[in-house]
Participant: 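Quick one: this structure, given as structure tokens, is what I'll be asking you about.
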Amino acid sequence: MHIFDSVQKTKRKFEPLVIGKATLYVCGPTVYDDAHLGHAKSALVFDLLTRVFRANGYEVTYARNITDIDDKIIKKAIEQKKDIKSITDFYTEAFHAEMEQIGVQRPDIEPKATESLDAMFTLIQKLIASGHAYKTSDGDVYFDTQSDHEYLSLSHRVQDESQRQERVESSEEKKNPADFALWKNVKDGSVTFDSPFGAGRPGWHLECSAMIEKHLAYKDKPYAIDIHGGGADLLFPHHENEAAQTRCATKHELANYWMHNGFVNIDGEKMSKSLGNSFFLKDALREYDGEVLRFYLLSSHYRSNFNFNTHDLEASKKRLDRLYRLKKRLFGLGANNEETPFKKELLTALSDDLNISAALALIDEMIAHANETLDTAGKHKALKKELIANLAYIEEVLGFGVKNPYEYFQFGVDEATKQKLSELIEARNEAKKAKDFERSDALREEILSFGVQLMDTPHGTFWEKV
RNA sequence: GGUGCCAUCGCCAAGUGGUAAGGCCGCAGCCUGCAAAGCUGCUAUCCCCAGUUCAAAUCUGGGUGGCACCUCCA
């Protein structure tokens with residue numbers, strides 16, 4: 001396995017802290033709103049990563065947090081006159097359901113901020129005790145960035161006070177503008193958590209460091225975990241601050257490797273909460289099969305920026321269709337997991353920093369070769385066994401082709417329409433049998449008006465949603 | 001202003017020193033009653049300029065053009 005480390009800015013061979021194991025932590029969603037395509041992309045990328053690690057024989061422990069303490073959640077709760085938990089439960093459930101639709105497997109551990117306060121307190125206390133954090137007269141606790149000589153080593157930034165913008169709510173008592181809150185005292189009585197530092201709320205960066213220590217960290221290694229991942233925007237300040245907290249509170253660095261996925265833009269426009277043009281996953285799922293979205297969002301390299309648009313999505317769907325048509329040809333032929341040259345090549349491609357383009361090219365070539373042989377060869381029992389093994393492997397490692405191929409091609413068609421289609425097809429077949437081609441072509445036109453394409457095969461007439 | 005990334009066929013997109021993968025679209029053919037699907041064939045010298053090298057899309061320098069982060073954000 002080779003992965004690109006976004007801190008060292010180079011592709012590195014993966015050397016696990018413990019032989020045969022890989023620990024991965026990814027920053028998950030703040031559950032105050034529906035998941036957008038960026039959340040989907042990030043979840044997809046790290047889902048693929050864990051699958052590839054497992055295919056390489058690693059025992060993976062994958063943790064992705066749920067941020068359920070946050071000012072935006074509280075704001076929404078107040079606006080909607082609901083309690084915090086009903087908001088966070090609702091969006092957590094929605095997130096899980098949507099992730100499942102795009103084939104993202106659940107992480108092994110999914111810690112919540114509300115269930116990790118003890119670990120956060122421990123971390124803050126360690127930081128205060130070691131002189132890396134200080135309290136203000138308001139009761140806030142800040143991390144003292146100047147006390148960490150390695151601060152900014154992650155993002156390679158240079159501190160430039162004259163250009164640095166102040167955050168609106170920063171305290172007058174901060175020693176340094178870059179210092180960030182570990183604990184914020186809350187006096188308005190809205191939503192607070194009791195702590196040894198008074199009632200208030202934890203700073204955002206804190207939870208990841210705390211959760212990693214609590215759930216994942218090796219105690220006796222130079223790094224807490226193997227890999228830390230997240231969206232490209234998190235490198236600074238979020239990950240920089242996490243790294244600083246862990247470095248100063250414990251005797252190890254946070255992660256050996258850092259991976260950041262690129263952004264999703266919509267039709268060339270940056271998607272952002274402040275611009276209000278978020279593209280929600282749930283909206284895309286109404287129009288497209290979840291697996292098509294999975295395929296499309298994964299179809300270019302994870303570090304590139306991704307320009308989401310329906311034109312490319314349609315092209316991507318056609319590519320996935322080819323895989324499903326091969327599945328149709330082999331439908332119902334049982335299982336087989338023998339080793340094949342294709343499987344080896346596919347894993348090699350993906351093990352090189354998730355080279356999805358090379359992997360997809362291999363799949364396309366495999367499909368073309370399979371179709372060609374199935375078209376021409378008389379006996380192909382051994383070939384079919386091999387192809388079934390290949391397809392099963394694509395399902396396992398990439399999560400493509402997991403559905404019933406007939407159902408896949410019927411996405412979005414209701415039962416009444418299906419019934420109507422089957423009647424029309426029967427009528428057309430009778431016309432064909434009577435060599436009344438004028439009528440059969442007219443019926444095909446009528447069928448086409450349902451957005452459905454017919455395919456006559458030796459095994460009967462099938463239809464696909466266009 | 002600071003830091004960093006990118007620029008490959010009409011579109012999407014691999015390839016980071018050895019002579020341009022793959023998909024979509026298009027054209028031609030095979031197959032088909034006709035189609036669809038499938039298969040076969042055809043389609044780029046890699047933004048510009050200079051340099052290094054036997055050899056560069058790949059390295060260096062300089063341009064030009066995009067973009068990201070520095071502020072909640074995946």
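It should be emphasised that the depicted structure is a prediction, and the values quoted were computed from it without experimental measurement. The sequence lines fix the lettering, A, B, ..., with proteins before strands; numbering per chain opens at 1.
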Participant: Under 3.5 Å, is there any donor-acceptor pair linking the side chain of A:Asp441 to the base of B:G33?
Facilitator: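 Answer yes: a donor N or O sits under 3.5 Å from an acceptor.
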Participant: Is there a Watson-Crick or G-U wobble partner for B:A68 with both distances under 3.5 Å, and if so, which one is it?
Facilitator: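 With both distances under 3.5 Å, B:A68 matches B:U3.
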Participant: Please give the nucleotide sitting opposite B:C59 as a Watson-Crick or G-U wobble pair, both distances under 3.5 Å, or none.
Facilitator: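 Pairing partner, where one exists within any strand: B:G51.
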Participant: When you get a sec, tell me which of B:G22, B:C39, B:A35 is the closest nucleotide to the side chain of A:Arg322?
Facilitator: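 Nearest to the side-chain atoms of A:Arg322, counting from C-beta on, is B:C39.
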Participant: Mind checking the C1' distance from B:G61 to B:U52? Whole angstroms is fine.
Facilitator: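 About 11 Å, rounded to a whole number of Å.
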Participant: Looking only at side-chain N and O atoms, does A:Asn261 come under 4.0 Å of OP1 or OP2 in B:A74?
Facilitator: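 Answer no for this pair, as no side-chain N or O of A:Asn261 is under 4.0 Å from OP1 or OP2.
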Participant: Searching all strands shown, indicate the nucleotide that pairs with B:A74 (Watson-Crick or G-U wobble; both distances under 3.5 Å).
Facilitator: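 Across any shown strand, B:A74 pairs with none.
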Participant: Name the closest nucleotide to the A:Ala361 side chain, picking from B:G23, B:A21, B:C73.
Facilitator: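 The listed nucleotide nearest to A:Ala361's side chain is B:A21.
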Participant: Is A:Trp463 close enough to B:A37 that one of its side-chain N or O atoms is under 4.0 Å from OP1 or OP2 there?
Facilitator: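 Answer is no, no contact under 4.0 Å.
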Participant: Expressed as a whole number of angstroms, how long is the span from A:Asp353:CG to B:A14:C1'?
Facilitator: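 Roughly 13 Å, once rounded to whole Å.
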Participant: Counting side-chain heavy atoms from C-beta on, which of B:A74, B:A14, B:C67 comes nearest to A:Asn305?
Facilitator: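 Side chain of A:Asn305 sits closest to B:C67.
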Participant: Return the value, rounded to whole Å, for the distance between atom CZ of A:Phe342 and atom P of B:A21.
Facilitator: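 A:Phe342 atom CZ is separated from B:A21 atom P by 20 Å.
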Participant: At under 4.0 Å between heavy atoms, what does A:Gly231 touch on the DNA or RNA strands: base, sugar-phosphate, or nothing?
Facilitator: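 If one applies the 4.0 Å heavy-atom cut-off, A:Gly231 turns out to touch the sugar-phosphate alone, with no base involved.
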Participant: Could you check whether A:Ser357 gets within reach of a base, just the sugar-phosphate, or nothing at all, counting any heavy atom under 4.0 Å?
Facilitator: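 A:Ser357: base contact, heavy atoms under 4.0 Å.
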Participant: Centres of the A:His239 and A:His205 rings: under 6.0 Å?
Facilitator: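 Centroid separation for A:His239 and A:His205: 6.0 Å or greater.
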Participant: Between the base of B:A74 and the side chain of A:His36, is one N or O donor paired with an acceptor at under 3.5 angstrom?
Facilitator: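 By the distance-only test, yes, there is a pair.
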Participant: With a 4.0 Å cutoff (strictly under), does any side-chain N or O of A:Ser304 reach OP1 or OP2 of B:A14?
Facilitator: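 For A:Ser304, the contact criterion (side-chain N or O under 4.0 Å from OP1 or OP2 of B:A14) is met.
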Participant: Quote, to the nearest angstrom, the C1' distance that separates B:C25 from B:C42.
Facilitator: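 Looking at atom C1' only, B:C25 and B:C42 are 14 Å apart.
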Participant: Take atom CE of A:Met366 and atom C1' of B:G23, then tell me their distance rounded to the nearest Å.
Facilitator: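 Taking atom C1' of B:G23 as the reference, CE of A:Met366 is at 15 Å.
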Participant: So which nucleotide does B:C9 pair with, by the Watson-Crick or G-U wobble rule with both distances under 3.5 Å?
Facilitator: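 Across all strands, not a single nucleotide pairs with B:C9.
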Participant: Rounded off to whole Å, could you give me the CG-to-P distance for the A:Leu298 and B:A74 pair?
Facilitator: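 My rounded result for the distance is 18 Å.
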Participant: When you look at CD of A:Glu438, are more than 12 heavy atoms from neighbouring residues, nucleotides or ligands closer to it than 6.0 Å?
Facilitator: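 Counting other residues, nucleotides and ligands, CD of A:Glu438 stays at 12 neighbours or fewer.
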Participant: Any strand is fair game: report the nucleotide pairing with B:A14 by Watson-Crick or G-U wobble, both distances under 3.5 Å, or none.
Facilitator: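 Pair assignment: B:A14 / none.
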Participant: Determine whether more than 12 heavy atoms belonging to other residues, nucleotides or ligands lie under 6.0 Å from atom NZ of A:Lys385.
Facilitator: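 No, because the 6.0 Å sphere around NZ of A:Lys385 holds 12 heavy atoms or fewer from other groups.
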Participant: Report yes or no: is the cationic atom of A:Arg64 (NZ for Lys, CZ for Arg) under 6.0 Å from the centre of the six-membered ring of A:Tyr25, at an angle within 45° of the ring normal?
Facilitator: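 Relative to the ring axis of A:Tyr25, which defines the angle, A:Arg64 lies outside at least one limit.
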Participant: Can you say whether a donor on the side chain of A:Arg444 sits under 3.5 Å from an acceptor on the base of B:C34, or the other way round?
Facilitator: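 It does, because a donor-acceptor pair links the side chain of A:Arg444 to the base of B:C34 below 3.5 Å.
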Participant: Return the pairing partner of B:G26 with a 3.5 Å limit on both distances, Watson-Crick or G-U wobble; otherwise return none.
Facilitator: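 Because both required distances fall under 3.5 Å, B:G26 counts as paired with B:C42.
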Participant: Tell me which one of A:Phe331, A:Tyr406, A:Tyr324 satisfies ring pair (Phe, Tyr, Trp, His ring centres under 6.0 Å) with A:Phe462.
Facilitator: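 Checked A:Phe331, A:Tyr406, A:Tyr324 against A:Phe462; only one passes ring pair (Phe, Tyr, Trp, His ring centres under 6.0 Å): A:Tyr406.
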Participant: Which part of the nucleic acid, if any, lies within contact of A:Leu234, taking any heavy atom under 4.0 Å across all strands shown: a base, the sugar-phosphate backbone alone, or nothing?
Facilitator: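 Counting heavy atoms under 4.0 Å across all strands, the contact made by A:Leu234 is with sugar-phosphate only.
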Participant: Can a side chain N or O of A:Arg428 be found less than 4.0 Å away from OP1 or OP2 on B:C34?
Facilitator: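 The answer is no; no side-chain N or O of A:Arg428 sits under 4.0 Å from OP1 or OP2.
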Participant: Whole angstroms only, please: what is the CH2-P distance between A:Trp204 and B:C72?
Facilitator: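 The answer, rounded to whole Å, is 8 Å.
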Participant: Counting only side-chain N and O atoms of A:Lys318, is one of them less than 4.0 Å from OP1 or OP2 of B:C25?
Facilitator: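 Looking at the OP1 and OP2 atoms of B:C25, one of them is under 4.0 Å from a side-chain N or O of A:Lys318.
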Participant: Which whole-number value in Å describes the distance from A:Arg303 CZ to B:C67 C1'?
Facilitator: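 The answer, rounded to whole Å, is 16 Å.
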Participant: How long is the span from the OG1 atom in A:Thr30 to the NZ atom in A:Lys72, to the nearest 0.5 Å?
Facilitator: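 The NZ atom of A:Lys72 is 5.5 Å from OG1 of A:Thr30, to the nearest 0.5 Å.
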Participant: Should B:A20 form a Watson-Crick or G-U wobble pair with both distances under 3.5 Å, which nucleotide is its partner?
Facilitator: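 Matched B:A20 with nothing under the 3.5 Å cut-off.
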Participant: Using whole Å, report how far CD of A:Glu314 lies from P of B:C11.
Facilitator: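 Checked: the CD to P distance equals 19 Å.
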Participant: A:His301 side chain: which of B:A14, B:G22, B:C70 is closest?
Facilitator: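 The closest nucleotide is B:A14.
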Participant: Scan side-chain atoms only and decide if A:Ser351 and A:Asn56 contain a donor-acceptor pair under the 3.5 Å cut-off.
Facilitator: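 Indeed, the side chains of A:Ser351 and A:Asn56 share at least one donor-acceptor pair under 3.5 Å.
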Participant: When you check the phosphate oxygens OP1 and OP2 of B:C67, does a side-chain N or O of A:Asn265 lie under 4.0 Å from one of them?
Facilitator: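 No, A:Asn265 has no side-chain N/O under 4.0 Å of OP1/OP2 on B:C67.
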Participant: How do A:Leu360 and A:Ser440 order along RNA chain B: which one's closest nucleotide is nearer the 5' end?
Facilitator: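 Nearest-nucleotide comparison on RNA chain B picks A:Leu360.
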Participant: Are A:Arg325 and B:G38 close enough that a side-chain N or O sits under 4.0 Å from OP1 or OP2?
Facilitator: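 For B:G38, OP1/OP2 do have a side-chain N/O of A:Arg325 under 4.0 Å.
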Participant: Is the A:Phe400 ring parallel, tilted or perpendicular to the A:Phe295 ring (thresholds 30°, 60°)?
Facilitator: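 The arrangement is tilted - the two ring planes meet at 30° to 60°.
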Participant: Tell me which of A:Glu372 and A:Gln453 sits closer to the 5' end of RNA chain B, going by the nucleotide each one is nearest to.
Facilitator: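 Residue closer to the 5' terminus by nearest nucleotide: A:Gln453.
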Participant: May I ask you to say what A:Ala43 touches in the nucleic acid, namely base, sugar-phosphate or nothing, with a heavy-atom cut-off under 4.0 Å?
Facilitator: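 Nothing, no nucleic acid heavy atom in range.
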Participant: Looking at every strand, decide which applies to A:Val264 at a 4.0 Å heavy-atom threshold: base, sugar-phosphate, or nothing.
Facilitator: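 The answer is base, as A:Val264 lies within the cut-off (heavy atoms under 4.0 Å) of a base atom.
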Participant: Select one nucleotide: of B:C72, B:G33, B:A14, the one nearest the side-chain heavy atoms of A:Lys432.
Facilitator: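 Of all the options, the side chain of A:Lys432 is nearest to B:G33.
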Participant: Report yes if the ring of A:Phe263 lies under 5.5 Å from the six-membered base ring of B:A68 with planes under 30°, and no otherwise.
Facilitator: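 No, the aromatic ring of A:Phe263 does not stack with the base.
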Participant: Output the single nucleotide from B:A14, B:C11, B:C39 whose closest atom is nearest the side chain of A:His311.
Facilitator: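 When the side chain of A:His311 is considered, B:C11 is the closest of B:A14, B:C11, B:C39.
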Participant: Taking any heavy-atom pair under 4.0 Å as a contact, classify A:Glu365: base, sugar-phosphate, or nothing.
Facilitator: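 Since only primed, P, OP1 and OP2 atoms lie under 4.0 Å of A:Glu365, the category is sugar-phosphate.
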Participant: Under 6.0 Å from the six-membered ring centre of A:Tyr408 and within 45° of its axis: does the NZ or CZ of A:Lys327 meet both?
Facilitator: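 Ring-cation test returns no.
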